2 protein chains.
Amino acid sequence: MVELSTTKDGIPNQAEASDRVLQILSEAGRLFATKGYDGTSMRDIAVACGISKSLLYHHFSNKDEIYARVAVGSTLELYLFVRDRVPDGPPSQKIRAFMVATAEYFRRYRWAWIASTTAFWNDPDRHRQKERLTRRDRFENFLRGLIQEAIDAGEIRKVDVPMTGRLILSSLNWMHRWYNPNKSATPEQIADIFFDMVFNGLRSGDAAGSPPAETLKSSRRKARQTPRS
Amino acid sequence: MVELSTTKDGIPNQAEASDRVLQILSEAGRLFATKGYDGTSMRDIAVACGISKSLLYHHFSNKDEIYARVAVGSTLELYLFVRDRVPDGPPSQKIRAFMVATAEYFRRYRWAWIASTTAFWNDPDRHRQKERLTRRDRFENFLRGLIQEAIDAGEIRKVDVPMTGRLILSSLNWMHRWYNPNKSATPEQIADIFFDMVFNGLRSGDAAGSPPAETLKSSRRKARQTPRS
DNA sequence: AGCGGGCTTGACCGGCCGGTCGGTGAAAAT
DNA sequence: ATTTTCACCGACCGGCCGGTCAAGCCCGCT
């Protein structure tokens, strides 16, 4: 038996992989996410796993394949993951569920998520880049559909749909830069707060909509100590 | 006279630098922004400038110094740039001015902005990382102060101030990933739209606040064709 | 006991990396 | 007229990069 890594952060959709492969993907994901693709050498990955560099090439054909398994494997089913968590109901609540589900995906597959969204946002591999954009489009179109639904239902005003989608995705996509898993709210709670702010607006005056389903407990703390954006 | 680069994208705060140095900084910024720090070699920069690699070392002591001039030089005065463009008036309008000014900075110093916010978000140089965090804190604290002002003035409801700041900065910080300078709205217009959405909210029902000062002209286009987030 | 085969290794490769060095030619200073 | 200065270059360096390879180790099977 091999002694495995301490950080078994999830890499999605790797059902039939061996422990060793899962360990490599996990460590590689963490390294890609923190140091970038070019900043992570095969030696780095090998050392992090406590194995020889050659063994990496026994399980994977090259560095790119490791990255592909981490990144593509992670974004592969984001759309399905989120879609399955958006229940029937008022369109606005579907948007909220969309945001919370995306946040849950971020929490569960954090390193893979960061690795896939930061390294290679200009991917030199044309085919892979095209494939990623296709998936991203499908994901974003799904959100735009929900927004359009909410407009048609009269729940939200006639805003610019693509721009609204970008605002919502911005709030989720930027989260990895300031989120600290050891502090305060979970990603799902944060997504819920963001939905409340965007849906109901910051402006005071009218009774400002329903409060978030679950509000975070410790929102009172010194501004100095909270993580930055 | 030397034949200079075609893309003279701004690198701020380089007043007394020679043409050649400005050219190097400009090309390096563009490369760092598109291919990352590790993905950009000194040879790449030299070739992009049409000069020899040695000449880079004549003008700069090493690769890190080039990056520092690009990144630190750009974030150096973001706070001052924005502060000077936030006029007296209702706090909510100061927040809007904050967002529009940040967007203007992004438009003017696009590559430098991207290079400084993407490459090295985990900077191995501890001192420089600390300095950047300090500047980032000052910038973010300024925004939090404006939000608190707006709450105290009763213009916006009692939201979580740090979280609200993160939402606003997310919308601005993520913009470089989908903004296309050849299409539709300027960054300033986008910031204005985002402010409207966040301030007034998406929810319909009440007459939804004042429209943005300048609304973009061509918001009607096929969803397929608009850039993604 | 013998054996096949997957897991694992260390030594090694060509190439690109950031960085150095001695030198050149032309303008500026003396 | 000579020296100094300075932008600029080609050749080169040690080291790390991604990747290869032949060989050992260890296991269950016969």
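In what follows, chains are A, B, ... by sequence order, proteins preceding strands, each numbered from 1. None of these values were measured; they are calculated from a predicted model.
Protein atom CG of B/Asp64 is 13 Å distant from nucleotide atom C1' of C/dG19, rounded to whole Å. Atom NZ in A/Lys35 sits about 13 Å away from atom C1' in D/dC17, given to the nearest Å. In this structure, A/Met42 atom CE and C/dC12 atom P are separated by 21 Å, rounded to whole Å. Atoms CD1 (B/Ile24) and C1' (D/dA7) sit 11 Å apart, rounded to a whole Å. With rounding to whole Å, B/Ile51 atom CD1 is found 15 Å from D/dC6 atom C1'. Nucleotide D/dC6 holds its C1' atom 16 Å from the CG atom of B/Leu56, rounded to whole Å. In this structure, B/Gln23 places its CD atom 14 Å from P of D/dA7, rounding to the nearest Å. The interatomic distance linking B/Ile45 (CD1) with C/dC17 (P) rounds to 11 Å, in whole Å.
For A/Asn62, counting side-chain heavy atoms from C-beta on, the closest listed nucleotide (C/dG18, C/dT9, D/dG19) is D/dG19. Of the candidates D/dC17, C/dG18, D/dC8, the closest approach to any side-chain atom of B/Leu55 belongs to D/dC8. You'll find that the side chain of B/Ser52 is closest to D/dC8, out of C/dT8, D/dC8, D/dA7. Taking only side-chain atoms of A/Lys53, from C-beta outward, the nucleotide of D/dG18, C/dT9, C/dT8 with the closest atom is D/dG18.
For the ring-ring contact (aromatic ring centres under 6.0 Å, His included) test, residues two or more places apart in sequence or in another chain that qualify with A/Phe139 are A/Phe98.
Using a 4.0 Å heavy-atom cutoff across all strands shown, B/Ser18 reaches no nucleic acid atom at all.
Residue A/Lys63 places no side-chain atom within donor-acceptor reach of the base of D/dG19, judged by atom type and a 3.5 Å distance cut-off alone.
For A/Arg43 and D/dC16, the shortest distance from a side-chain N or O to OP1 or OP2 is not below 4.0 Å. Residue A/Arg20 has no polar side-chain atom (N or O) positioned under 4.0 Å from OP1 or OP2 of C/dG6. Within the structure, a side-chain polar atom (N or O) of A/His58 is placed less than 4.0 Å from OP1 or OP2 of C/dC7.
Ring geometry for B/Trp174 against B/His176 counts as tilted: the plane angle lies between 30° and 60°, on a 0 to 90° scale.
Judged by the 6.0 Å and 45° rule, A/Lys63 forms a cation-pi pair with A/Tyr37. For the pair A/Arg85 and A/Phe81, the cation sits on the ring face: its NZ or CZ lies under 6.0 Å from the ring centre, inside 45° of the axis.
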Is there a side-chain hydrogen bond (donor to acceptor under 3.5 Å, both in side chains) between B/Thr102 and B/Arg107 once you walk through the steps?
-> CA-CA 9 Å; B/Thr102 305; B/Arg107 178 176 54 77; over 6 Å; no
